[in-house]
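Note that the numbering runs from 1 along the sequence shown for the chain. Since the model is a prediction, treat every value here as computed from it, not as a measurement.
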Amino acid sequence: MNVIKRDGTSEAFNASKIKIAVLKAFSACGYTPQEDTVEDILDSIEVWDEITIEDIQDQIEEILMDFDFPDVAKAYILYLSLIHISEPT
């Protein structure tokens with residue numbers, strides 16, 4: 001299954017990248033989530049072939065809010081915006 005990156009290229013879906021970003025957002029808020037909480041968040045993501053990175057990120061933001069982690073959702077958005085700014089154009 002492939003995802004479409006911001007630059008329009010296609011890349012194989014890699015859940016570990018999402019997990020790292022989610023864990024960094026929790027860490028930025030001073031939380032150490034239980035592994036099953038992170039797995040539940042990841043399991044809630046709907047992924048299909050040729051989904052865009054932005055669609056995945058929007059889902060994660062909503063899922064974090066649904067799991068009652070609004071501060072983690074905000075940290076996740078900030079983390080992504082920093083990555084996006086530092087990406088070469």
Side-chain angles (χ1 to χ4, degrees):
M1 186 171 326
N2 289 324
V3 298
I4 305 299
K5 296 170 51 172
R6 291 184 196 279
D7 65 3
T9 60
S10 182
E11 178 179 288
F13 175 73
N14 185 346
S16 66
K17 288 184 175 183
I18 296 171
K19 184 175 184 176
I20 289 167
V22 169
L23 288 172
K24 286 185 179 187
F26 271 98
S27 178
C29 295
Y31 300 142
T32 304
Q34 294 187 2
E35 185 64 28
D36 62 334
T37 300
V38 175
E39 291 304 319
D40 288 345
I41 290 167
L42 296 177
D43 288 344
S44 298
I45 302 168
E46 294 181 27
V47 181
W48 55 88
D49 198 34
E50 303 297 320
I51 187 173
T52 65
I53 293 294
E54 290 85 359
D55 286 338
I56 293 171
Q57 293 168 346
D58 289 347
Q59 284 186 58
I60 295 167
E61 179 186 349
E62 289 179 27
I63 292 164
L64 288 168
M65 296 295 284
D66 290 345
F67 276 67
D68 202 26
F69 292 113
D71 48 344
V72 177
K74 182 176 180 179
Y76 178 78
I77 295 164
L78 292 172
Y79 171 74
L80 294 176
S81 66
L82 290 174
I83 289 175
H84 184 63
I85 290 170
S86 66
E87 289 177 344
T89 55

d(Ile60 CD1, Ile41 CD1) to nearest 0.5 Å is 9.0 Å
Taking every heavy atom of Pro33 against every heavy atom of Leu23, the minimum-distance pair comes out as CG-CD2, 3.9 Å
Residues pairing under side-chain hydrogen bond (donor to acceptor under 3.5 Å, both in side chains) where one sits in residues 60-74, two or more places apart or in two chains, turn out to be Tyr31-Asp71
Separation between CD1 (Ile45) and CD1 (Ile51), nearest 0.5 Å, reads 9.0 Å
Sorted by chain and number, sequence neighbours left out, side-chain hydrogen bond (donor to acceptor under 3.5 Å, both in side chains) with Asp36 holds for none
The side-chain hydrogen bond (donor to acceptor under 3.5 Å, both in side chains) partners of Asp55 (sequence neighbours excluded) come to Thr52
Heavy atoms of Leu78 and Ser81 approach each other most closely as O-OG, 2.8 Å
Applying side chain to side chain contact (heavy atoms under 4.5 Å, CB included) to Ser16 and not counting sequence neighbours gives Asn14
Quick note, salt bridge (charged side-chain N to carboxylate O under 4.0 Å, His left out) partners involving residues 37-49, not counting sequence neighbours, are Lys19-Glu39
Across all chains, not counting sequence neighbours, the side chain to side chain contact (heavy atoms under 4.5 Å, CB included) partners of Thr9 are Lys5, Asp7
Sorted by chain and number, sequence neighbours left out, salt bridge (charged side-chain N to carboxylate O under 4.0 Å, His left out) with Lys17 holds for Glu11
Residues at least two apart in sequence or cross-chain that pass side chain to side chain contact (heavy atoms under 4.5 Å, CB included) with Ala21, listed by chain then number, are Tyr76, Tyr79
Could you tell me whether Gln34 atom CD has more than 12 heavy atoms of other residues or ligands within 6.0 Å of it? no
One should read off an interatomic distance between Leu42 CG and Thr37 OG1, to the nearest 0.5 angstrom, of 11.0 Å
Quick one: do Trp48 and Val3 end up in the same hydrophobic cluster if we chain Ile, Leu, Val, Met, Phe, Trp and Tyr together by side-chain heavy atoms under 4.5 Å apart? yes
Could you state whether Leu82 and Ile20 fall into the same hydrophobic cluster, counting links through intermediate Ile, Leu, Val, Met, Phe, Trp or Tyr residues with side-chain heavy atoms under 4.5 angstrom apart? no
- Is it true that Leu80 and Ile77 fall in one hydrophobic cluster, defined by side-chain heavy atoms closer than 4.5 Å? no
Exercise. Any side-chain heavy-atom pair from Ser44 and Phe67 closer than 4.5 angstrom?
Worked result: yes
Taken in chain and number order and not counting sequence neighbours, the residues that satisfy side chain to side chain contact (heavy atoms under 4.5 Å, CB included) with Ser27 are none
CD1 (Ile53) and CD1 (Ile56) are apart, to the nearest 0.5 Å, by 5.0 Å
Ile4-Phe13 co-clustered via ILVMFWY side chain contacts under 4.5 Å = no
Heavy atoms of Ala75 and Ala25 approach each other most closely as CB-O, 3.7 Å
